Every structure is written in structure tokens, then in C-alpha cells.
Undergrad: 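Below you'll find the structure I mean.
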Amino acid sequence: MRYDQLTDSQRRAVFHIEGPLLVLAGPGSGKTRVITYRIAALIDSGVRPYNICAITFTNKAADEMRQRVFALGTAAGAHISTFHSLCVRILRRYAAQAEIRSNFSIYNKTDQSRCIKQAVKDCNLDTANFRPARMLDAISTLKNKLIDVAQLKADADDFFSQTLAKIYGRYQQILSEANAVDFDDLLMRTASLLQNCSGICTELGERFKFLLIDEYQDTNHAQYKIAKALVSQHSNICATGDPDQSIYRWRGADIRNILAFENDWPEATIVKLEENFRSTPNILEAADRLISFNENRKQKKLIATRPQGSDVVISTVEDELQEAEAVALRVKELSDEGASLNDMAVFYRVNAMSRVLEEAFIRNKIPYQIVRGVEFYGRKEIRDLLGYLKVLVNPNDEIALLRVINTPARGIGKTTIDKVRAYGSAHNITLFEALEKAAGIDSLSKAPKAKIAVFVSLIKQFKKDTEAKVAPLAQRVFVESGLQQALQVLGIDGLDALENVNELINSAAQYDTQTEEPSLIDYLQQIALFSDVDSYDRSRGAVALMTLHAAKGLEFENVFIIGVEDGLLPHERSYSPHNDDEEEIEEERRLFFVGITRAKTALNISCAQYRTIRGQMLRTIPSPFLFELGIEITEPEAGDSAAQDYLHDSIAKFRPDQLVRHKTFGLGRVKVFIDMGDDSIVVVRFNTGQTKSLMVKYAGLSQQ
DNA sequence: CTGAAATTTTTTTTT
DNA sequence: AAAATTTCAG
């Protein structure tokens, strides 16, 4: 009875129980609903929830899927997570066979970058010729293709590959000494575990009798291999996705996985979902015309089911300031007409574009949220506290140890650390072990030895608590490590940081209550896999600002896509000097397609004539994609449109304690504001220590 | 050893 | 323009 609302093709996907199934689902085709109902149908047909594994693209999507399944009234217990989370679970469970200790650290970009620099240095190579970022990229590509060091060494036939093999080898060695893995390792290690240990492969195949993978167009080779291994006994795989929405090629996603599904599983049933229940015909026509310019694709229809709506608007504006102002004004209008801010979003190609928007939203007093969750965990104070926690769980984690050993400053400087490291590598022990034996290191004088001893005992004190709940321990570490005091003495400058740490401890407390068996290991491994959209809260009554990539899988009544200019979308880097030009341009086109198809009823696209890029105001060229939409482009109105006026007709007002930024003095806080219309004066105390009285009209202060 | 200042580098998207 | 890194002064 509860399946009544499904269309025929959705029904076919939902009730296909046994054997391989590929659901080619266009945007807005109710794919998520199909997956949810399919899980329910499986359970209705007698499958135990325990035997179902659904893989989503983000943690957020996994959370929502769990809630949806729960809302259908089916028994809980199906495993629903991202590929990476699943791999963490598997690697922890079969740590011994995977040749890893289960308390492994997961290294992010910053950590990886430290390791690769060390690796290049250890190989006696110059970081100018072997750019760390490029090396990491190359290694990531190799890992996604499941090429390990030994294989690269065997295949390397030119100088670059041979050198890369050396760096790769050393990099892996550094990670393994730190008992750490990077994101790609999670997949690669799981893939090789499944390949080399047939017992484990069988065991997991029996556990997960039904595998569902969403966003299959964005799986990479490693994920493909893992999926294949998991279903090797029963072939109960259901992949859902849309080749036209593949936007992660640069990260190793291989669109061939979805295009060649029928080759892998010749008996596969294929269901196409071409009806679109999301967008108005206007929007769909634009999307369809755009994507049809891609050569490399399978024909697919976009069938509109909604009645015709308003036109898609493409407007040209003077520069990014006016673009942002125009968006803000339109948001206000819509909001005044009764539209919900929750249901509006602005998409852009690069994160740097959010700043101007943010200022416009603040100026217009419109609530907004920038969807960038990982940024929170990148803050200094957060990484410092997490650094301590990581050391507690995994004392081999040298990156974390080096981070916290002298944070807050406790007189253990570079020279001291270098001596201890030298001792450590000479005696083939880890840095932490060397610190424990610091008293016996001859090259150290008395003072540093004492300081090290204090640090070591501090860590050992904390360690007694690692089995308990996370939040109290985090709180204790924050206080007793001296981090809290270091922030408190900063006074007003440390308030934001203190606030952030509080937020972290709160979220840890939430983890403690929501998780069945909370543990510090699990907590750290989970937050390492946090993604941008995971922080998005649709109920916050705020307009969402995010990159086009983050927009994947979401939908909004009103969508704005800004900066549709050549060099930005398509991004200049996709006109790479080397190979595959067309492939990359097509991916950019798909990215635009994804953005457009998020819109339910109104879509505003804009393109500025000038844009400030890296501090320089440059003339732009409209994106070639704009002309592919088949929509007339609105030129900027001559004279005084509302958007052009805001800079001239209103002198900004400030209030005491407000944060402002000055071009040369930097950040400061308003002490006094004297409102005299055009001649208003503002007194600001800058972080440099100086206090200045400025004429508002000349100061060029930006509100923070 | 520390913190500030000067210099250099990097500039797409992110699980 | 912002971030990362190195150098410098105390």
C-alpha cells in the first residue's frame, strides 16, 4: 500500500530483488526515494536489514537515508554509510590481516603535505623540481588505480616515474611508521584486503547480501573493485547514478564504471528514470540543450512533469560586487514575496567567490550559511586540540605529536626536537619513544630534558582516560594542556577560538550520546571523514552558499549560479596544456548541468564583465556554456539600477564592537561610531594595537 | 626559543 | 590577495 505513489519505472527498480540492477536516474527523478523504497521492499521480502549495505556519497546523504528508511517504518539495522566509512569499519575489524593497527590515524591534506615534503627531502630531491602538491596528486592517482609502490617500481621506465616511485615508497613508509593512512589508502587497503584474503571476502559477501551504491558515476577504480569483490558471490548489486552528473574525474572517478555496468554484469537489469519531478520545463530545456553539447555521453531524455514556470534569467553585471548585490536584492524580493530562505541557494565554481557574496548578505542583513564544513576542522585551535587527542590514541602519529609538543609554547623548540628525532632514528624508535627516553640523550642539556619530561608525563596522564567518553576528555585536555589559558590570555582576540573549541566539545558530547559505543578512536576516525555538505542545515532559515560540487544531490526552489565566465566555468585549469582537453571541458559542462538541475522553480544565472582575480581587476569573457543554453542574455541596464547604487547613496553605519577590515591596518573592532551622514566618523582599534579615527567615506572599511 | 616581519609561493573542485 | 615559509631581532 505504501508503494502506491511510485511510477511504473520506479516500481520496476524498487521490486527488482535478486541480481544486478542498474538504475540510470536523471536529475529529479526520485532516485533517493527509489533507493529508500527498495531497502524497504528488500526487508518486506524477507531480507534481514543486517544483510543490506547501502553506500552513499556523503555522510549527510547517509544520515538522511537512514532517517528516510526509518520513517518508512522498516526495521533499522541496514548498514548505510559512505565508501570511506565502510572501509574504516572493515580495516578496523580486520586490522591484523590488513597489516595495520586499528588505532590508525587518517591523514588529511595538510598532514599528507607534511609527509610528502619529508619524503621528498628524505629522497634528497629538491621540492622545487618535485613539487609536493604534484607528487601527492600523482600518488593519489596511482592509489585510485590500485597501483602500489612495487608495481610502479616494476613499471617505471622513465626518470620521472622512477623518482616518483622512490618518493611514493618513502611516503608510504612515513605513513606506516606513523600508523596512519590517507583517504586513498582506506580504499586501496580495503581493496587489497578483499583481494588477498578470500576468507574475509566471503565473510563480508555473506554479511552484505545486498549492496546498493548511489552516485555510481563518481566511483573510482578502487571503489569499483571493492564493490565487485563484495558481490562476487551473489551479484546482488544495485547501482544508481547518472553519467551526465559525473563531476569527480579529477579525483579519480571513472565514468566507465557506470557506462560499462552491462559488461561487468551481462545479466543486469537496467531501469531508466527519465521523468523529472523537480524542475519546471524552462529549466529542464536549458539543462537539456546544454548537456547535449557533450559528445561523450549516452542519449537520455529529461521529461518534464511540472507545469511551465518562469523564464530562466541570465544577466550580465558590471563586476562581482554588483553581482553579489543583485543576488542579495533578488533574495530579499523573493523573501518578501513569501519564499523561504531555506529553499534558496547560490552556487559558484570556486570557494574564493563566497567572500563577496557574504559581504553583500551581511550588508543586506540576510541570513546565510556557507556550506564548508571541513573548514571548521582546519582551524588552528581545533587542530591543536585534536592533535592531542590523536597522540593519545596513536602515539606513533608524528604529525600530530610535532604539532602539539610545543603548543602552547613550552620551550621545546626546533633544535631540541631535531636532536630527539635524530636519536630516535638512530635507535630505530618512534619520536614518542625517544621523548620517553630523553633523559638518556647526551646531546640534550638539562633544561630541555626537564621540559620534555613534563610533556611526556602530561600525555601519559591523559592516556588513562581514553576509554571513557570523548567530550569530558577533550575538555580536560583543553584545560590541562594549557591550550585554554593560551587562548584566554589573548583576551578579545581569543574569543572566537574559545567559542570554536566549545563547539567542538559540544559536538563531541553529541557524539557521546548518539553513538552506541563511543570511543576516542572511532570519534577521531569519523570526523576525519567529515565533508563539506555534512555541515549544511536546511532548517536554519538561511540562504545556502556553496560550490557547484557541494550542490550535488540537493535541490532548491530558487537557485543562483554566479560567475559563469570563461576561465571560471569552465575553469581555466580544465584547458590544461596536456591531454584530454575535451574530456575536461565536458566535465565542466556536466558541473554546470548539475547546478542548473538543482533548481525547482527559478534559476538565475549571472556573469560579470569585470572580476577581481588574485587582487587584480580583469575584463572577463562570458562562458561559452552560456550560449549553449538557448536563452537570451540580459545586458546590464544603463544608468542607475538599484544594484549599482548601493556604494554611492548610502554611507555605511557601524556599531561598537563590530568587526571591520581595513586595507592596510587589517582587522579591527569598532569603538565609537559618530553618525554625521556623509561625514560620519568611526573610531577603530586595530589588531595591530593602534586606534584610529577614520572618515567612513574614505576609510574603505569592509564589514566582517 | 619566540614572535614578528619579510619573502616566496600558490592560486579548482573534495571523500 | 592570501597562505605558507623563511628570516630576523630580541
Side-chain angles (χ1 to χ4, degrees), chain A residues 55-62 81-88 106-110 112-114 117 127-128 131-134 136-137 140 143-144 181-187 215 218-220 222-223 246-253 347-356 371-375 377-378 380 406-418 445 447-448 451 526-534 546-552 563 567-576 584 587-588 590-592 594-595 611-617 661 663 666 687-689:
Chain A
I55 293 174
T56 56
F57 198 70
T58 63
N59 296 301
K60 178 98 186 166
S81 78
T82 64
F83 250 117
H84 286 84
S85 298
L86 175 67
C87 291
V88 167
I106 300 172
Y107 276 4
N108 69 1
K109 198 91 212 187
T110 323
Q112 288 184 67
S113 157
R114 296 242 161 94
K117 276 173 198 161
T127 47
R131 286 259 173 76
R134 243 196 100 199
L136 271 183
D137 234 41
S140 175
K143 287 184 178 177
N144 286 327
V181 295
D182 61 24
F183 285 112
D184 303 315
D185 282 333
L186 289 171
L187 301 174
E215 308 287 6
D218 279 321
T219 51
N220 63 29
Q223 292 166 327
S246 165
I247 54 175
Y248 282 98
R249 199 177 98 99
W250 54 274
R251 210 173 71 184
F347 304 149
Y348 36 81
R349 177 64 233 269
V350 299
N351 282 303
M353 292 165 77
S354 66
R355 184 136 167 207
V356 187
V371 179
R372 243 199 138 193
V374 289
E375 210 165 57
Y377 292 93
K380 187 184 176 303
N406 200 30
T407 313
R410 51 172 71 88
I412 306 176
K414 194 170 174 297
T415 346
T416 309
I417 294 169
D418 282 346
S445 51
K451 287 167 180 167
Q526 276 200 24
I527 62 170
L529 300 176
F530 216 70
S531 74
D532 276 348
V533 276
D534 293 345
M546 67 183 88
T547 62
L548 284 160
H549 282 89
K552 167 165 160 168
L568 221 38
L569 183 69
H571 196 272
E572 57 183 349
R573 294 275 297 238
S574 57
Y575 295 109
S576 57
E584 303 214 3
E587 173 144 319
E588 296 284 309
R590 290 194 291 267
L591 190 55
F592 193 21
V594 167
R611 186 172 295 276
T612 316
I613 291 170
R614 294 212 259 311
Q616 280 197 303
M617 172 87 92
R661 183 184 292 276
K663 222 175 159 188
N687 288 353
T688 53

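Because the structure is a prediction, the values reported are computed rather than measured. Naming: A, B, ... by sequence-line order, numbering from 1 per chain. Keep in mind that the numbers below use all heavy atoms, side chains included, and drop hydrogens, waters and symmetry copies.
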Undergrad: Would you tabulate the nitrogen or oxygen pairs shorter than 3.5 Å linking the protein to nucleotides 5-7 of chain B?
TA:
none

Undergrad: Applying side-chain hydrogen bond (donor to acceptor under 3.5 Å, both in side chains) between A:K143 and each of A:D185, A:N220, A:D184, report the one that passes.
TA: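 In the set A:D185, A:N220, A:D184, the residue that makes a side-chain hydrogen bond (donor to acceptor under 3.5 Å, both in side chains) with A:K143 is A:D185.
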
Undergrad: For A:P132 and A:K117, which heavy atoms make the closest approach, and how far apart are they?
TA: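 Taking every non-hydrogen atom into account, CG-CG, 3.7 Å.
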
Undergrad: For the pair A:E587 (side chain) and A:R249 (backbone), establish whether a donor and an acceptor sit closer than 3.5 Å, ignoring hydrogens and angles.
TA: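 Between the backbone of A:R249 and the side chain of A:E587 there is a qualifying donor-acceptor contact (under 3.5 Å).
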
Undergrad: Is there any protein nitrogen or oxygen under 3.5 Å from a nitrogen or oxygen in nucleotides 8-15 of chain B, and what are the pairs?
TA:
{"residue": "B:dT10", "atom": "OP1", "partner": "A:R131", "partner atom": "NE", "Å": "3.3"}
{"residue": "B:dT10", "atom": "OP2", "partner": "A:R131", "partner atom": "NE", "Å": "3.3"}
{"residue": "B:dT10", "atom": "OP2", "partner": "A:R131", "partner atom": "NH2", "Å": "3.2"}
{"residue": "B:dT11", "atom": "N1", "partner": "A:R614", "partner atom": "NE", "Å": "3.4"}
{"residue": "B:dT11", "atom": "O2", "partner": "A:R614", "partner atom": "NE", "Å": "3.2"}
{"residue": "B:dT11", "atom": "N3", "partner": "A:R614", "partner atom": "NE", "Å": "2.5"}
{"residue": "B:dT12", "atom": "OP1", "partner": "A:R573", "partner atom": "NH1", "Å": "3.0"}
{"residue": "B:dT12", "atom": "O4'", "partner": "A:H571", "partner atom": "NE2", "Å": "3.3"}
{"residue": "B:dT12", "atom": "O2", "partner": "A:R349", "partner atom": "NH1", "Å": "2.9"}
{"residue": "B:dT12", "atom": "O2", "partner": "A:R349", "partner atom": "NH2", "Å": "2.0"}
{"residue": "B:dT13", "atom": "OP1", "partner": "A:N351", "partner atom": "N", "Å": "3.0"}
{"residue": "B:dT13", "atom": "OP1", "partner": "A:N351", "partner atom": "ND2", "Å": "2.8"}
{"residue": "B:dT13", "atom": "O4'", "partner": "A:R349", "partner atom": "NH2", "Å": "3.3"}
{"residue": "B:dT13", "atom": "O2", "partner": "A:W250", "partner atom": "NE1", "Å": "3.2"}
{"residue": "B:dT13", "atom": "O2", "partner": "A:R349", "partner atom": "NH2", "Å": "2.6"}
{"residue": "B:dT13", "atom": "O2", "partner": "A:H549", "partner atom": "NE2", "Å": "3.4"}
{"residue": "B:dT14", "atom": "OP1", "partner": "A:D532", "partner atom": "OD2", "Å": "3.2"}
{"residue": "B:dT14", "atom": "OP1", "partner": "A:T547", "partner atom": "OG1", "Å": "3.0"}
{"residue": "B:dT14", "atom": "OP2", "partner": "A:N351", "partner atom": "ND2", "Å": "3.3"}
{"residue": "B:dT15", "atom": "OP1", "partner": "A:S531", "partner atom": "OG", "Å": "3.4"}
{"residue": "B:dT15", "atom": "OP1", "partner": "A:D532", "partner atom": "N", "Å": "3.1"}
{"residue": "B:dT15", "atom": "O4'", "partner": "A:R251", "partner atom": "NH1", "Å": "3.2"}
{"residue": "B:dT15", "atom": "O4'", "partner": "A:R251", "partner atom": "NH2", "Å": "3.4"}
{"residue": "B:dT15", "atom": "O3'", "partner": "A:F57", "partner atom": "O", "Å": "3.4"}
{"residue": "B:dT15", "atom": "O2", "partner": "A:H84", "partner atom": "NE2", "Å": "3.2"}

Undergrad: How close do A:F347 and A:G595 get, counting heavy atoms only, and between which atoms?
TA: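 Of all heavy-atom pairs spanning A:F347 and A:G595, the closest is CE1-O, 3.6 Å.
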
Undergrad: Charged N to carboxylate O under 4.0 angstrom, A:E584 versus A:R573?
TA: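 Salt bridge flag = no for A:R573 with A:E584.
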
Undergrad: Would you say A:N108's side chain and A:A528's backbone share a donor-acceptor pair under 3.5 angstrom?
TA: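 Between the backbone of A:A528 and the side chain of A:N108 there is no qualifying donor-acceptor contact (under 3.5 Å).
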
Undergrad: Find every protein N or O atom lying less than 3.5 Å from an N or O atom of nucleotides 4-10 of chain C, and list the pairs.
TA:
{"residue": "C:dT5", "atom": "OP1", "partner": "A:K117", "partner atom": "NZ", "Å": "2.1"}

Undergrad: By ring-ring contact (aromatic ring centres under 6.0 Å, His included), which residues pair with A:H549, not counting sequence neighbours?
TA: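 Listed in chain order: A:Y248, A:W250.
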
Undergrad: Using the 3.5 Å cut-off, write out each protein N or O paired with an N or O of nucleotides 2-4 of chain B and the distance between them.
TA:
{"residue": "B:dT2", "atom": "OP1", "partner": "A:G411", "partner atom": "N", "Å": "3.0"}
{"residue": "B:dT2", "atom": "OP2", "partner": "A:N406", "partner atom": "ND2", "Å": "2.8"}

Undergrad: Looking only at heavy atoms, what is the nearest atom pair of A:T82 and A:I55, with distance?
TA: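 Closest approach of A:T82 to A:I55: C-CG2, 4.1 Å.
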
Undergrad: To the nearest 0.5 Å, how far apart are CD1 in A:I247 and CD in A:E588?
TA: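 A:I247 CD1 to A:E588 CD: 10.0 Å, rounded to 0.5 Å.
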
Undergrad: Which heavy-atom pair separates A:N59 from A:S531 by the least distance, and what is that distance?
TA: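 What the structure gives for the nearest pair is ND2-N, 4.2 Å.
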
Undergrad: For the pair A:R349 (side chain) and A:L569 (backbone), establish whether a donor and an acceptor sit closer than 3.5 Å, ignoring hydrogens and angles.
TA: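 It does not hold such a pair.
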
Undergrad: Between C:dA4 and B:dT13, how far apart are the two P atoms, rounded to whole Å?
TA: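 These two P atoms come out 13 Å apart once rounded.
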
Undergrad: Measure from the side-chain N and O atoms of A:D532 to the backbone N and O of A:V371, and report whether any donor-acceptor pair falls under 3.5 Å.
TA: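 Flag not set: sc A:D532 to bb A:V371 has no pair under 3.5 Å.
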
Undergrad: Indicate, with a heavy-atom threshold strictly under 4.0 Å, whether A:S85 touches base, sugar-phosphate, or nothing.
TA: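 Touches nothing.
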
Undergrad: Taking all atoms of both residues into account, what is the closest heavy-atom pair of A:A550 and A:V533, and its distance?
TA: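 Looking at all heavy atoms of both residues, the closest pair is O-CG1, 3.1 Å.
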
Undergrad: How close do A:L548 and A:V594 get, counting heavy atoms only, and between which atoms?
TA: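 Closest pair (atom of A:L548, atom of A:V594, distance): O-CG1, 4.4 Å.
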
Undergrad: Dot-bracket, DNA chain B: Watson-Crick or G-U, under 3.5 angstrom, [ ] crossing, | other strand?
TA: ||||||||||.....

Undergrad: Can you tell me how far apart NZ (A:K109) and OG (A:S140) are? Round to the nearest 0.5 Å.
TA: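 These two atoms lie 7.0 Å from each other.
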
